[in-house]
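Worksheet for the structure shown next.
Predicted model only: the values in this text are computed from it and were never measured. Whatever order the structure lists ligands and atoms in, that order sets their numbers, starting from 1. We number each residue from 1, following the sequence as shown.
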Amino acid sequence: MTVTTPSVPVHRALPAGFAWGAATAAYQIEGAVTEGGRTPSIWDTFSHTPGKTENGDTGDTAVDHYHRFRDDVRLMADLGLTTYRFSLAWPRIQPTGRGPASQAGLDFYRALTDELLSHGITPVATLYHWDLPQELEDAGGWPHRDTAHRFAEYTALAAEALGDRISTWTTLNEPWCSAFLGYGSGVHAPGRTDPADALKAAHHLNLGHGLAVGALRAALPGASRIAVSLNLHAVRPLSDHPDDLEAARRIDAVGNRVFTSPMFKGRYDEDLLKDTAHVVRWEELVHDGDLAEISRPIDLLGLNYYNPTVVSSAENAKNLARHDGHGDSPHSPWPGSEDVAFHRANDDLTAMGWPIDPTGLSDTLTALHREFGLPLLVTENGAAFEDVLDADGAVHDPERIRYLESHLGAVADAIEAGADVRGYYLWSLMDNFEWAYGYGKRFGIVHVDYATQKRTPKSSARWYSQVIRRGGLA
Ligand code: FCB
């Protein structure tokens with residue numbers, strides 16, 4: 001792809017050294033699910049279960065990145081990305097979730113990172129983007145405490161083998177989704193629907209994060225940086241009515257503070273424990289020493305942001321339609337929040353039905369800066385639209401450019417307000433397997449023809465490339 005350096009002046013420069021990235025995840029792009037000794041993960045099982053994904057789509061082939069990674073890295077280099085966030089597949093590195101590392105698994109990620117480094121692209125590895133080895137799910141999954149220890153063991157293997165070439169690591173991606181969509185509403189793998197299991201999973205994900213931070217610190221060189229990526233909900237009450245404020249408090253507790261308080265304050269908040277006391281026995285779940293483990297200091301906080309979350313009390317809602325953007329299920333992913341209704345923030349929607357509102361991003365970054373004072377990364381942000389390949393073979397996606405431009409503007413706003421935001425990873429580099437939505441939802445700035453695996457940069461890719469070369473927005 002040829003990109004000419006534009007002469008348009010930069011009106012909103014991002015700070016020097018700002019990391020310009022794109023993100024992906026292993027199961028969404030790699031394919032090659034039986035190669036190199038990889039064993040099935042919960043997403044293989046789930047996607048192969050009839051009725052769980054749109055059209056029965058699976059990640060069996062995905063975008064064949066496992067075989068095409070060199071071309072994909074060249075594409076990233078052409079775009080001018082300075083950094084790339086990807087995930088390591090646990091069942092590739094430690095098949096079955098126990099025992100020694102697989103040489104073939106490590107070799108794949110060594111080759112990928114070498115390719116990135118040789119193009120001057122800084123690799124950022126996520127250790128867990130939802131692909132739990134199926135054998136560990138069979139042994140109880142995240143509601144089972146031992147899974148946290150298994151995660152730390154896998155982390156040590158990955159860090160020992162790859163720590164010489166990957167200096168920024170993210171432990172978990174969106175543990176809220178793993179716990180509450182995976183074990184609460186069941187719209188994500190493993191598709192279980194028990195609110196107590198969802199809360200147990202949340203605690204064990206927190207514990208796994210803390211243990212993994214310990215394993216990373218022990219294995220990595222001193223200058224390495226450790227992060228976590230959270231999809232914190234930008235929660236807004238529908239009105240100032242006390243019942244709506246109460247609904248917002250509840251969702252903030254079980255959507256956000258269930259992770260941030262143990263990780264950054266070494267505690268579970270009293271209101272969360274009270275709201276969910278009828279669901280789970282916290283005093284049995286949380287063992288002595290867990291909170292000290294979970295709150296080990298980290299270097300960066302990653303925020304994944306797509307849209308705000310507007311809530312009211314059920315009584316103040318015209319109907320109980322659940323527009324929480326997290327997929328349909330008769331089972332709620334919000335334990336203890338049966339009286340909360342969810343509303344769309346506005347009617348300017350992406351193809352996911354998610355409202356477009358960049359102020360949720362600037363507000364959240366600013367609030368995180370004030371509350372935790374940590375350097376921040378936007379580890380995911382982007383949008384799906386109904387992209388079409390023109391007769392001339394091009395994809396014009398002005399809506400995506402508008403989305404990205406307004407959200408990068410929100411990042412610039414947060415920086416101006418004092419937040420220390422170090423980088424932005426657009427979701428996603430290329431179209432891929434969008435979990436339960438299958439291949440129907442396209443988030444990429446690069447179009448993929450799934451029949452031929454042909455990659456075609458969309459107009460948003462050219463736009464992003466120019467933003468990167470300019471170092472800011474025109
Ligand atoms: C996030 C996931 C990511 C992708 C985007 C659209 O919740 O982390 O894998 O599916 O949503």
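Distance from atom 7 (O) of ligand 1 to its nearest protein heavy atom, with residue and atom name: Glu174 OE1, 2.5 Å. Distance from atom 10 (O) of ligand 1 to its nearest protein heavy atom, with residue and atom name: Glu434 OE1, 2.7 Å. The protein heavy atom nearest to atom 1 (C) of ligand 1 is Glu380 OE1, 3.2 Å.
Within the set Phe433, Trp427, Tyr306, the minimum heavy-atom distance to atom 11 (O) of ligand 1 is found for Tyr306.
Close approach of ligand 1 to Phe443 is summarised as follows: ligand atoms under 4.0 Å from at least one heavy atom of the residue are 6 (C). Listed by number with element, the atoms of ligand 1 under 4.0 Å from a non-hydrogen atom of Trp435 are 3 (C), 4 (C), 9 (O), 10 (O).
Among Tyr425, Tyr306, Tyr424, Tyr305, the single residue meeting the side chain to side chain donor-acceptor pair (under 3.5 Å) criterion with Asn381 is Tyr424.
Ring centroids of Trp142 and His203 are separated by 6.0 Å or more, keeping the two rings apart. For Phe108 and Tyr66, the gap between ring centers is short of 6.0 Å. With ring centers used as reference points, Trp130 lies 6.0 Å or more from Trp90. Aromatic rings from His188 and Tyr183 are positioned such that their centres are separated by 6.0 Å or more.
Within the structure, ligand 1 has His129 among the residues with a heavy atom less than 4.0 angstrom away. Ligand 1 has at least one atom lying under 4.0 Å from a heavy atom of Asn173.
Residue Met352 does not touch ligand 1, judged by heavy-atom distances below 4.0 Å.
A pairwise comparison of heavy atoms in Thr96 and Pro133 identifies C-CB, 3.9 Å as the closest pair. Listed here is the closest heavy atom pair of Val33 and Arg38: O-NH1, 3.2 Å.
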